[in-house]
Undergrad: 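I have a structure I would like to understand better, so I am pasting it below and will then ask my questions one at a time.
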Amino acid sequence: MNHKNYQEFKKRRNTLTEKIGDGVAIIFNTDEVIRNRDSHYPYRSDSYFHYFSGFPESRSVLFVLGGKSPKTILFCRNKNLEMEIWNGFIYGPKEAKEVFLFDESYDINLLDEIALKEISGREKIYYRIGQDTLNDKKINDWIKVLRDKARAGIQAPQAIEDISQIADDMRLIKSDFEIDIMKRSAKIATLAHNRAMKSVRPNMYEYELEAEILHEFMSHGVRAPAYQSIVAAGKNACTLHYVDNNSKIQDGDLILTDAGCELEGYASDVSRTFPANGKFSKIQKDFYQLVLEAQSAALSKVSSNHNWNEPHEAALSVLIDGFKDFGLCQGSHQEIYETGAYKEFYMHRTGHWLGLDVHDAGDYKTIAQEWKQLKPGMTLTVEPGCYIRPSANIPKEFWNIGIRIEDDVLVTHNGHEVLTKDSPKTIESIETLMAK
Ligand code: GLY
Ligand code: MN
Ligand code: MN
């Protein structure tokens, strides 16, 4: 997560300061996680910590204090030449404060001591409750220490409020700075899917195609996929989160790739479905066209005139009609909708918020339990699908067809912009690209 524009992060902290009154917001970064013995999982900051700090190191904590004299404090590791020789550069509090524009910064080992001073006398702590039991305990311990000093006139905070409500509302509307990164992340994801379409041949293994996708990601400066890539040939496409990617691709298979990259912290999330041999069969075309029409119906409802649920309902309506026409579901449209019979073939929702997390922060309903209105600056996926597992009641020629078409979409003032439009999705344009 390499940024030059740390003013953007400072601006976010200022906004947070305004929203927490006299309280103190405490945001812990994640720690390194051991994979096995001396080997760690690739490090990735906590999304909230990154959003409000831009600071890339583990073992760090951010305090944002509101009220009459607001300030921000970063706790981080001290510089340590020996550690740096082994593991690389450490900012240290002094340089971190200057580069990342905090008001104060301290050695992480002083956290308990300084935290007690800073939270004493504050009414409320804003914090992400229940995310990490050790951090939960730390906050509770601080409160207990302060309570025990009540006779000395020290006042412990009276309330802890989950910071998610405030932070998620902020994260839900992307700034120009974020949109610029998300556009680049989306573009790289489309190049990767296009590369997969051009590279695939029957008898390849799914992991070989995954390698093409990862190669494209990394050649554009991406250090990691945003989630484990799905490369699912034939029946594997009917497993929604198939990540084994170790089957041999057969002539005649449809291949579902669901892969996105993480660029400067921001996820793209794209799915394409294409024929292993470059030509859709008649039946594959029929089902593909149905999902494409469902996606198009959903996209037509992505604008600030619609709420979160309308794209899903639009896609679902097209799919239900299709399932009826193909004889997969019986009864009236209304009955299929109400009984949920369609869920045998379409069991997920049509999208999710997208941002620092692939399933990004933010509620989908208001406090009054109504679907949120879409607003300019929101980013979401639109990803209908159709998955037909073998079953005695279903014609054999439909078996094992798994299709998902997923794009990343920005809500704009005039409607929406599909950020992943550079990867083909009509039957004709896919076949044309694959023939190259
Ligand atoms: N790739 C995860 C999803 O589409 O939600
Ligand atoms: Mn998705
Ligand atoms: Mn996806």
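Counting starts at 1 for both ligands and their atoms, following the listed order.
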Undergrad: Do Phe326 and Phe287 have ring centres separated by under 6.0 Å?
TA: yes
Undergrad: Between Tyr387 and His348, does the ring centroid distance fall short of 6.0 Å?
TA: yes
Undergrad: Can the ring centroids of Phe63 and Phe75 be said to lie less than 6.0 angstrom from one another?
TA: yes
Undergrad: Has Arg59 got more than 12 heavy atoms of other residues, nucleotides or ligands less than 6.0 Å from its CZ?
TA: no
Undergrad: So does Asp132 pair up with Lys138, basic N to acidic O under 4.0 Å?
TA: no
Undergrad: What N/O/S atom of His352 is the closest to the Mn ion (ligand 2)?
TA: NE2
Undergrad: So that I can check it, does any N, O or S atom in His359 come closer than 2.8 Å to the Mn ion (ligand 2)?
TA: no
Undergrad: Counting each atom of ligand 1 from 1 as listed, which ones have a heavy atom of Tyr227 under 4.0 Å away?
TA: 1 (N)
Undergrad: Where is the tightest heavy-atom contact between Thr273 and Ile403, given as atom of each residue plus distance?
TA: OG1-CA, 3.7 Å
Undergrad: Pick whichever of Asp269, Val358, Thr381, Val270 has a heavy atom sitting closest to atom 3 (C) of ligand 1.
TA: Asp269
Undergrad: May I ask whether His348 places a heavy atom under 4.0 Å from ligand 1?
TA: no
Undergrad: Taking the Mn ion (ligand 2) as the vertex, measure the angle between atom OE2 in Glu383 and atom OE2 in Glu406; round to 10°.
TA: 80°
Undergrad: Would you check the N or O atoms of His241, main chain and side chain alike, for any that come under 3.5 Å of an N or O of ligand 1?
TA: no
Undergrad: Would one find an N, O or S atom of Asp269, in either backbone or side chain, under 2.8 Å from the Mn ion (ligand 3)?
TA: yes
Undergrad: To the nearest 0.1 Å, how far is atom 5 (O) of ligand 1 from its closest protein heavy atom, and which atom is that?
TA: His359 NE2, 2.7 Å
Undergrad: For ligand 1, which atoms, with element, lie under 4.0 Å from some heavy atom of Glu406?
TA: 4 (O)
Undergrad: Return the orientation label for the Tyr91 and Phe100 ring planes: parallel under 30°, perpendicular over 60°, tilted otherwise.
TA: perpendicular
